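Computed from a predicted model, the values in this text were never measured in an experiment.
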Amino acid sequence: MSIDDDCTLLFFFACGGGAVKSLLLCVAVIVGLSFPELGHYSVYIRSLVMIMLTMGFLTVKFERDMFSREIIYVLAANLLIPLPIYFLARLVGEQEAEAAFLIASAPAAIASPIIIGFIRKRTDFVTLAVVATNLLTILTLPLAIPLVATSVEAGGEDSEYTIVISVLTTIIVPLLLALLLRGIGGVVYRVAVWTQRLALYVWLFAIAFACATAREFIIKNNIANEFLISIGLVTVGICIVNFGVGYLVGGKKFARESSQALGQKNTMFAVWVGLTFLNPLSVIAPVAYIIFQNIYNALQMFVYDLQQRKK
């Protein structure tokens with residue numbers, strides 16, 4: 001199947017109802033894993049994420065109550081969970097433990113406000129969590145890596161600055177562009193807001209490209225099935241812990257938002273850190289996490305669609 005055929009398939013599903021759209025995340029994962037040649041388009045993932053963020057920021061209203069104790073709880077959980085996860089994973093193996101720490105310590109995904117927007121929850125809360133957890137991770141992760149790494153690689157003296165600039169640019173540029181469009185107003189702003197309905201399908205391409213990159217990496221490096229299975233089991237456990245703990249610390253007011261902020265990880269950030277500082281095999285964890293977190297995203301969108309139908 002060619003790339004054009006894949007696009008046609010996605011367009012076909014896009015014409016369906018809400019329940020069909022919720023299954024598209026799983027379709028994107030399957031397409032990516034089935035066609036590793038799509039990994040060549042992974043260079044566009046960051047651009048796609050920035051497009052989605054711009055769409056999401058267009059209608060975000062920052063309320064005072066988002067600066068709440070629940071944000072502090074999310075930050076604390078993101079900081080404290082990785083070490084217990086690391087020591088538990090050591091029962092399986094050293095490389096599995098390193099991979100587990102890598103994905104558990106990753107900050108909130110830059111695209112998580114977009115997903116939470118699909119189920120009509122507070123995108124401003126999740127946006128604040130994205131910025132805060134990314135900054136916290138940038139400050140603390142370089143100190144923790146030497147404690148858990150089995151073989152630290154030389155990342156270069158400017159690596160930390162590269163991380164900071166990359167993350168902040170990816171967040172700030174879409175925010176400024178959205179504010180500019182809101183300032184212009186009129187037809188330009190209305191057209192920009194109309195494009196928000198396309199955000200899900202932009203995200204589908206990003207997921208497909210990421211999963212294809214993962215499959216291509218596994219094939220090129222001839223990674224054993226036993227290691228993939230053990231990493232997969234560890235990663236699904238981390239996924240359950242993150243989304244579950246996030247739901248608990250969010251309380252009644254921000255349960256779903258906190259769950260998304262803590263559960264949906266910046267896997268591209270984790271892949272970069274793994275390839276730069278850790279054993280390259282550790283990047284299998286964030287690759288697997290892409291699959292599991294998006295299966296969860298598809299399920300919660302499916303449940304939301306069912307609830308809306310009943311209403």
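Within the model, atoms NZ of K253 and CZ of R69 stand 10.0 Å from one another, a figure rounded to the nearest 0.5 Å. Atom-to-atom distance recorded for Q307:CD and R120:CZ is 13.0 Å, nearest 0.5 angstrom. Atom CG of residue N297 and atom CD of residue Q264 lie 4.5 Å apart, to the nearest 0.5 angstrom. Note that CG of L177 is 10.0 Å distant from CD1 of I51, once rounded to the nearest 0.5 Å. Going from atom CG of L228 over to atom CG of L233 covers 11.0 Å, rounded to the nearest 0.5 Å. Rounding to the nearest 0.5 angstrom, the gap separating the CZ atom in F209 from the CG atom in L38 is 6.0 Å.
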Discussion item. For a side-chain hydrogen bond (donor to acceptor under 3.5 Å, both in side chains) check, start with the C-alpha distance between S230 and E96, then their side-chain angles and the critical distance, and finish with the verdict.
Written reply: CA-CA 7 Å; S230 63; E96 287 83 354; 3.0 Å; yes
Item to complete: Evaluate side-chain contact (heavy atoms from CB on, under 4.5 Å) for I115 paired with Q300, printing each intermediate quantity in order.
Response: CA-CA 10 Å; I115 298 298; Q300 69 173 338; 4.0 Å; yes
Item to complete: Would you sort out whether I45 and F205 count as a side-chain contact (heavy atoms from CB on, under 4.5 Å), showing the intermediate values?
Response: CA-CA 8 Å; I45 290 176; F205 281 100; over 6 Å; no
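Between K265 and I290, every side-chain heavy-atom pair lies at or beyond the 4.5 Å cut-off. Contact annotation: the side chain of V126 never approaches that of F254 to less than 4.5 Å [non-hydrogen atoms, C-beta and beyond]. Residues T267 and Q293 form a side-chain contact, since some pair of their non-hydrogen atoms from C-beta on lies under 4.5 Å apart. Side chains of S258 and F125 form a contact here, defined as non-hydrogen atoms less than 4.5 Å apart. No side-chain heavy atom of S105 sits less than 4.5 Å from a side-chain heavy atom of T137. Proximity of R215 to I219: side-chain heavy atoms (C-beta onward) are separated by under 4.5 Å at one or more points. With a 4.5 Å cut-off on side-chain heavy atoms, V130 and P113 count as touching. Counting heavy atoms from C-beta on, the side chains of I116 and R122 never come closer than 4.5 Å.
Nearest heavy atom pair, residue G39 against residue A212, reads N-CB, 3.3 Å. For N78 against A106, the heavy-atom pair with the smallest separation is OD1-O, 3.4 Å. Closest heavy-atom contact between T235 and F292: CG2-CD1, 3.9 Å. Between F227 and I284, the closest heavy-atom pair is CE2-CG1, 4.3 Å. Heavy-atom minimum distance, A99 versus I231: CB-CD1, 3.6 Å. Across all non-hydrogen atoms, the minimal contact from E70 to G250 is CG-O, 3.4 Å.
Note: the hydrophobic cluster containing L136 does not contain L80 (ILVMFWY, side chain heavy atoms under 4.5 Å, direct or indirect links). Note: the hydrophobic cluster containing Y86 does not contain L88 (ILVMFWY, side chain heavy atoms under 4.5 Å, direct or indirect links). Taking hydrophobic clusters as Ile, Leu, Val, Met, Phe, Trp and Tyr residues chained together by side-chain heavy-atom distances below 4.5 Å, Y304 shares a cluster with L204. Placement of V202 and Y41 within a single hydrophobic cluster is found when ILVMFWY residues are connected by side-chain heavy-atom separations under 4.5 Å, directly or transitively. Note on Y247: it does not cluster hydrophobically with M301, by side-chain heavy-atom contacts below 4.5 Å among ILVMFWY residues.
By the 4.5 Å side-chain criterion applied to Ile, Leu, Val, Met, Phe, Trp and Tyr, L248 is assigned to no cluster and stands alone. Through direct or relayed side-chain contacts under 4.5 Å between Ile, Leu, Val, Met, Phe, Trp and Tyr, V74 connects to Y73, I81, I85, V92, I103, V234, I238, V241, F243, V245, V249, L262, Y289, Y296.
Here V191 pairs with V187 under the side-chain contact (heavy atoms from CB on, under 4.5 Å) rule; sequence neighbours left out.
Checking S112 against Q260 by side-chain atom types alone, no donor-acceptor pair falls below 3.5 Å.
Checking side-chain atoms of T127 against main-chain N and O of T123 turns up a donor-acceptor pair under 3.5 Å. Judged purely by atom type and a 3.5 angstrom limit, T133 uses its side chain to pair as donor or acceptor with the backbone of A108.
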